[in-house]
Each structure stands twice: as structure tokens, then as C-alpha cells.
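Take a look at the structure set out below.
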Amino acid sequence: MSVNSKLYEGKAKILYTTDDPEVLLADFKDDATAFNAQKRGSIQGKGKINCIISSKLFEQLEAHGIKTHFIANPAPNQMRVRAVNILPLEVVVRNIAAGSLCQQTGLPLGTVLKKPLVEFYYKNDELGDPLLTSDRLYLMELATPEQVDAITHLALQINEFLRGFWQRCSITLVDFKLEFGLDSQQQLLLADEISPDTCRLWDIAEGDSNRRVLDKDRFRRDLGNVENAYQEVLQRVIKAVETKN
Ligand code: 5GP
């Protein structure tokens with residue numbers, strides 16, 4: 001399959017068209033940004049690591065009945081995906097209080113939530129991806145009520161599955177961000193990526209609140225050893241997938 005022109009360049013990926021209009025090629029970059037791109041850098045090997053982790057997780061989710069945009073990996077840092085129109089929503093699922101939930105509510109870091117929290121943010125860099133109320137979501141016509149119900153249900157199902165998966169990696173899934181899109185048949189597919197860039201992942205065996213961090217917070221908060229953490233997550237994911245199959 002030949003790769004045609006660049007369709008879109010985001011902060012972490014470049015999307016190319018292919019000779020099949022239903023298929024795109026995502027090229028994962030080493031570039032890292034945080035705080036709405038106010039902090040910029042690079043994490044060596046990240047593109048490849050995130051692409052492999054995401055691909056393995058999408059494959060596991062597909063086997064679990066969740067429809068994703070994943071097709072195949074033509075190269076370790078490349079993912080062939082179904083072309084979708086991405087809904088302008090960032091869907092965040094939280095199991096443990098961290099990040100903006102702590103900043104905006106005062107809940108102490110690490111508070112275990114009684115049940116998972118599903119939140120919708122407006123995917124809009126200029127506005128800084130603000131948290132939405134459901135009235136605002138419908139006011140802006142960002143999704144239909146049926147789509148919101150379907151996404152909420154899927155997000156909770158994905159959370160249940162991923163919590164178990166990460167547990168087998170000796171990792172606590174604190175929170176994560178999902179994106180969904182509609183294909184040419186208006187089918188809702190899980191899209192984007194699931195990786196240490198988009199999840200908070202804490203090493204179960206590590207009690208120290210900084211040392212346990214195995215995700216992009218190491219970059220956001222200048223904790224050091226960013227590449228090592230991403231590599232560690234990759235090794236654990238590969239092992240968990242191999243021991244399951
Ligand atoms: P928070 O709202 O606490 O900043 O983020 C919650 C979770 O969603 C974290 O796991 C974080 O990595 C992910 N997340 C939220 N917004 C973004 C985003 O714009 N980019 C990425 N890579 N992750 C995000």
C-alpha cells in the first residue's frame with residue numbers, strides 16, 4: 001500500500017493518506033509536549049514505544065469486543081488505521097485522583113474514587129481543552145445524546161479491561177484519555193492512542209510518589225528517567241501479552 005500526502009500533523013503523530021480512502025497511516029513522533037504545548041521536548045524512542053504499546057492494547061481490546069481504528073503495523077513506529085472523523089472530545093476516565101481533578105477539586109493526590117469518573121473535555125487547543133458540562137456539550141453540538149451514552153458505556157468497559165491488563169503488568173491505572181471517531185459508515189471506533197503519553201501509570205511495587213510514576217508526568221514534572229519509564233512500560237506490556245497468549 002503506497003503512502004500519499006501528509007493529511008495532518010499533530011503534537012505526537014503525523015497522519016498520511018494512503019491509496020485506500022478508508023485507511024490512513026499514523027507515524028508516531030518522539031516529540032513531547034505538555035501544558036497545551038507550552039512545554040516542548042523530545043523523548044528518545046517514544047514514537048516507537050507508544051506505537052507498539054497502543055497497538056498491543058488495541059489488539060487486546062478488539063479481542064475483547066471493543067471496536068478500534070487499529071489495522072496493522074507496517075513499521076514499529078507506524079500504525080495503519082481506519083480513517084475516522086474524530087469527535088472533538090477528550091474522554092477522561094479516572095480511578096484515582098490526580099492531575100487536574102486534584103487541582104480543581106482539592107481532592108488529595110491518590111484518593112481512590114468510589115467508582116470510575118468519566119469526564120468530557122472540549123478538544124480545542126486554542127481554548128486549552130476545557131472541561132465540559134453536558135449542557136455545554138449539547139449546546140456546542142459536539143456529539144449526540146446517543147453518542148455520549150455509547151461513549152460513556154465504552155469508556156467504562158475499556159477502563160475495566162485496561163485496569164485488569166495493567167494490573168497484570170504490576171501497574172495501577174490511575175486515569176487516561178480516550179478519543180473516538182466515526183468511520184464512513186458512522187460506526188463509533190476507539191481512535192488515537194493509549195500509551196504512557198495518555199495514561200497515568202503507577203508502579204504497584206513502588207511506594208515513593210515520584211519513583212512510582214511510569215508515564216508522561218515524568219516529563220511534565222521534570223522527574224527525570226523519562227525514556228527508562230517508557231521502556232519499562234513497554235517491556236511489561238510485551239511480557240503481559242506474551243504470557244496471556
Ligand atoms: P488531567 O485532566 O488530570 O490533566 O489528565 C487526565 C488524564 O488524561 C491523564 O492521564 C492525561 O495523560 C490524559 N490527558 C488529558 N488531556 C490530555 C492531552 O491533551 N494529551 C494527552 N497526551 N493526554 C491527556
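In each ligand, atom 1 is the first atom listed, and ligand 1 is the first ligand listed. Just so you know, these numbers use all the heavy atoms, side chains as well, and skip hydrogens, waters and symmetry mates.
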Set out, in order, the CA-CA distance, both residues' side-chain angles and the distance that settles side-chain hydrogen bond (donor to acceptor under 3.5 Å, both in side chains) for R218 and N225, then state yes or no. CA-CA 7 Å; R218 297 209 74 83; N225 287 322; over 6 Å; no
CG/L234 to NZ/K239 distance, rounded to the nearest 0.5 angstrom?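 It comes to 13.5 Å.
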At what distance, to the nearest 0.5 angstrom, does CZ of F176 lie from CZ of R163?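 The CZ atom of R163 is 9.5 Å from CZ of F176, to the nearest 0.5 Å.
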What residues sit with at least one heavy atom under 4.0 Å from ligand 1?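 Within the 4.0 Å shell of ligand 1, which is judged on heavy atoms, sit E90, V92, R94, A98, G99, S100, Y121, D129, D175, F176, K177, D197, T198, C199, R200, K216, R220.
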Using the six-membered ring of F219, assess whether NZ or CZ of K39 lies under 6.0 Å from its centre and within 45 degrees of the ring axis.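 Ring-cation test returns yes.
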Candidate list T172, D175, D215, N95, test side-chain hydrogen bond (donor to acceptor under 3.5 Å, both in side chains), partner R200, passing option: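 Passing option: D175.
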Ring geometry between F58 and H69 (parallel below 30°, tilted from 30 to 60°, perpendicular above 60°):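 Rings of H69 and F58: perpendicular, as their planes differ by over 60°.
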